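All values derive from a computational prediction rather than experimental measurement. Here is the naming used below: chain letters follow the sequence lines, and residue numbers restart at 1 for every chain.
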Protein chains: 2
Amino acid sequence: MSRRQQILDTAAELFAQRGFHGVSVADLGAACGMSGPALYKHFAGKDAVLAEMLVSISRWLLDGGRAAAAAHTDPDDVLAALVDHHVGFALEHRALIVVQDRDWSSLPDAAREEVRTLQLAYVEIWAEQLCRRGPSMTRDRARAAAHAAFGLINSTPHSGLLPDDDMRTLLTGMALAALGG
Amino acid sequence: MSRRQQILDTAAELFAQRGFHGVSVADLGAACGMSGPALYKHFAGKDAVLAEMLVSISRWLLDGGRAAAAAHTDPDDVLAALVDHHVGFALEHRALIVVQDRDWSSLPDAAREEVRTLQLAYVEIWAEQLCRRGPSMTRDRARAAAHAAFGLINSTPHSGLLPDDDMRTLLTGMALAALGG
DNA sequence: CGGCTCGGTTAACGATCGCTAACCTTGGCG
DNA sequence: CGCCAAGGTTAGCGATCGTTAACCGAGCCG
């Protein structure tokens, strides 16, 4: 594993535990086995670590969403694939999920705008499928429902009680039920 | 409105936007119309503001949960009342909801322990009702399901698109469906 | 009136932060 | 060998933070 990746992984864990502002560069360096300013050999600054982290996961989420939408035609099938993809991500990257909606506001302006755009596009994929299932669903209601489903699925990190497999089936079932499948 | 309460309300809003560590005492004072250290005439410190905020909302949530459990006998009815109570709280105190699961870790030790205890008791109320509905639900699964429902309901602040009434019916319906009512 | 409390001010202290500078060591290579 | 780039180190700078200290005006009350 490259040093860059080690820093990103460690930072995700620390940021998830104590928040972006609650982790110093010295903390982060120490957790990586080096001390303090060595981090600047790999990143332009503390902000840049957060930015790379959040932009890349937003891109990954959106790409998976697009793939799910392209792989099926029936909106129910697309939604099932979307839930699957999102649940898998949340289980595999619990720390990133926490950081994403906690420290979003600490991003530098450019990165924050990029993340915002990516997330909006991702929400639109969900909302479109929800609207395709029937005319009773307005676009805003669909967007709000998508956010609610994200909240449900993203609750994973807050309850580490179940083995991953059980958690996956529980969350998938609850999310699909909530979305009225 | 007392000065204390004004500080608490303003702090909830600011903490929700920028995080506990992202708001300085000077910021908080300025937002209240005074400047900086005047805050110490009302609170022992910045920590104490966060502590009072989170302890009081945890207590309020738990009290409402207990009332809901005492008001009905059928577990489905209790769950409906719990969802109602939680949705109402989330809609009325969006900022507090954000702060609670973002800045929980910034609490001083004593307050963090108290909040943890209160929240655990609250989760148990939900979990017990879920278990009472059938033997197929293990206790850990019930706890995880409760957390997932919280995540769903607490997504409110992230999507301010719908009027409160529409949001309330949407979230209530989704939460009950997710819980398998 | 005299004094006390309450709620505010500004100044300043010590700690910590992100970041830069200067230096050192190691490995690959012409 | 000589050199350079990569990836570390420590020292230290400037800014900002939470907090305290010292002071002050308004209002209440004996």
Side-chain angles (χ1 to χ4, degrees), chain A residues 1-55 95 98-99 102-112 115, chain B residues 1-55 95 98-99 102-112 115:
Chain A
M1 177 173 41
S2 77
R3 206 90 227 229
R4 250 184 100 85
Q5 196 56 46
Q6 181 199 5
I7 293 174
L8 285 170
D9 293 349
T10 308
E13 222 65 51
L14 289 183
F15 291 169
Q17 283 174 29
R18 307 199 295 250
F20 177 72
H21 291 292
V23 177
S24 71
V25 172
D27 290 338
L28 179 51
C32 292
M34 53 203 199
S35 232
L39 187 136
Y40 291 83
K41 302 289 177 170
H42 305 273
F43 289 93
K46 197 187 164 194
D47 291 344
V49 178
L50 181 69
E52 174 146 339
M53 206 161 65
L54 294 194
V55 168
V98 172
V99 176
R102 177 208 261 166
D103 291 317
W104 175 80
S105 57
S106 300
L107 282 171
D109 290 354
R112 185 167 60 246
V115 168
Chain B
M1 177 172 44
S2 77
R3 204 89 228 232
R4 251 185 100 85
Q5 196 56 47
Q6 182 199 4
I7 293 174
L8 284 170
D9 292 349
T10 310
E13 222 64 51
L14 289 183
F15 292 169
Q17 283 174 29
R18 299 185 287 201
F20 178 72
H21 291 291
V23 178
S24 71
V25 172
D27 290 338
L28 178 51
C32 292
M34 52 202 200
S35 232
L39 186 136
Y40 290 83
K41 302 290 178 172
H42 305 275
F43 290 93
K46 195 188 168 195
D47 291 342
V49 178
L50 181 69
E52 174 146 340
M53 206 162 65
L54 294 195
V55 168
V98 173
V99 176
R102 176 207 262 168
D103 291 317
W104 175 82
S105 58
S106 300
L107 281 171
D109 290 352
R112 184 169 60 242
V115 168

Chemist: From D:dG18, C:dG18, C:dG8, pick the nucleotide closest to the side chain of A:Val25?
Modeler: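 From the listed options, C:dG18 comes nearest.
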Chemist: For the residue pair A:Asp103 and A:Phe15, what are the closest heavy atoms and their distance?
Modeler: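 What the structure gives for the nearest pair is OD2-O, 3.9 Å.
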Chemist: When you match A:Asp47 and B:Ala38 each to their closest nucleotide on DNA chain C, which lands nearer the 5' end?
Modeler: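 Its nucleotide being nearer the 5' end, the pick is B:Ala38.
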Chemist: How is A:Gly45 classified with respect to the nucleic acid when contacts are heavy atoms under 4.0 Å: base, sugar-phosphate, or nothing?
Modeler: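 It contacts sugar-phosphate atoms only.
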Chemist: Let's see if you can work this out: which of C:dT20, C:dG8, D:dA21 has an atom nearest to the side-chain heavy atoms of B:Pro37?
Modeler: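 When the side chain of B:Pro37 is considered, D:dA21 is the closest of C:dT20, C:dG8, D:dA21.
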Chemist: Relative to the 5' end of DNA chain C, which residue comes earlier, A:Ala26 or B:Met34, by the nucleotide with the nearest heavy atom?
Modeler: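 Of the two residues, B:Met34 wins.
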Chemist: Rounded to the nearest Å, what distance is computed from the CZ atom of residue B:Arg4 to the C1' atom of nucleotide C:dC6?
Modeler: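 To the nearest whole Å, that distance equals 15 Å.
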Chemist: Measure CG/B:Leu14 against P/D:dC17 and give the value in whole Å, please.
Modeler: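 Value for this atom pair: 13 Å.
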Chemist: With a 4.0 Å cut-off on heavy atoms, is A:Val23 in touch with a base, just the backbone sugar-phosphate, or nothing at all?
Modeler: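 Contact class for A:Val23: sugar-phosphate only.
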Chemist: Between atom CD in A:Gln6 and atom C1' in D:dG7, what is the gap in whole Å?
Modeler: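 Rounded to the whole Å, the gap is 13 Å.
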Chemist: What is the distance, to the nearest angstrom, from the CZ atom on A:Arg18 to the C1' atom on C:dC17?
Modeler: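 The distance from CZ of A:Arg18 to C1' of C:dC17 comes to 14 Å, rounded to the nearest Å.
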Chemist: Kindly give the heavy-atom pair with the smallest separation between A:Ala31 and A:Thr10, and that separation in Å.
Modeler: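 Nearest pair, atom of A:Ala31 first, then A:Thr10: CB-CG2, 3.5 Å.
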Chemist: Can you measure A:His42 atom NE2 to C:dC19 atom C1' for me and round it to whole angstrom units?
Modeler: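 The distance from NE2 of A:His42 to C1' of C:dC19 comes to 16 Å, rounded to the nearest Å.
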Chemist: Would you mind reading off the distance between A:Tyr40 atom OH and C:dC19 atom C1', rounded to a whole angstrom?
Modeler: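 The distance from OH of A:Tyr40 to C1' of C:dC19 comes to 5 Å, rounded to the nearest Å.
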Chemist: Judged by each residue's nearest nucleotide on DNA chain D, which is more toward the 5′ side, A:Ser35 or B:Ser24?
Modeler: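 Looking at the nearest nucleotide for each, A:Ser35 comes out on the 5' side.
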Chemist: Tell whether B:Lys41 reaches the base of C:dG8 with its side chain through a donor-acceptor pair below 3.5 angstrom.
Modeler: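 Side chain to base: pair present.
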Chemist: Calculate the interatomic distance between A:Leu39 atom CG and D:dG8 atom C1'; express it in whole Å.
Modeler: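 Distance, rounded to whole Å: 12 Å.
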Chemist: Between B:His21 and C:dC17, does any side-chain N or O lie under 4.0 Å from OP1 or OP2?
Modeler: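 The answer is no; no side-chain N or O of B:His21 sits under 4.0 Å from OP1 or OP2.
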Chemist: What is the distance, rounded to the nearest whole Å, between atom NZ of B:Lys46 and atom C1' of D:dG18?
Modeler: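 Whole-Å distance recorded here is 8 Å.
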Chemist: Looking only at atom types and distance, does a side-chain atom of B:Arg18 sit under 3.5 Å from a main-chain N or O of A:Ser105, one as donor and one as acceptor?
Modeler: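 No; zero donor-acceptor contacts below 3.5 Å.
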Chemist: Can you see which heavy atom on B:Arg4 is nearest to which on B:His42, and at what distance?
Modeler: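 Taking B:Arg4 first and B:His42 second, the nearest heavy atoms are NH1-O, 2.8 Å.
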Chemist: Quickly, which of B:Arg112, B:Lys46, B:His21 forms a side chain to side chain donor-acceptor pair (under 3.5 Å) with B:Ser106? Name it, please.
Modeler: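 When side chain to side chain donor-acceptor pair (under 3.5 Å) is applied between B:Ser106 and each of B:Arg112, B:Lys46, B:His21, only B:His21 qualifies.
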Chemist: Whether A:Arg3 contacts D:dA6 is assessed here as follows: a side-chain N or O lying under 4.0 Å from the phosphate OP1 or OP2. Is that the case?
Modeler: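 It does not, given that no N or O in the side chain of A:Arg3 lies less than 4.0 Å from OP1 or OP2 of D:dA6.
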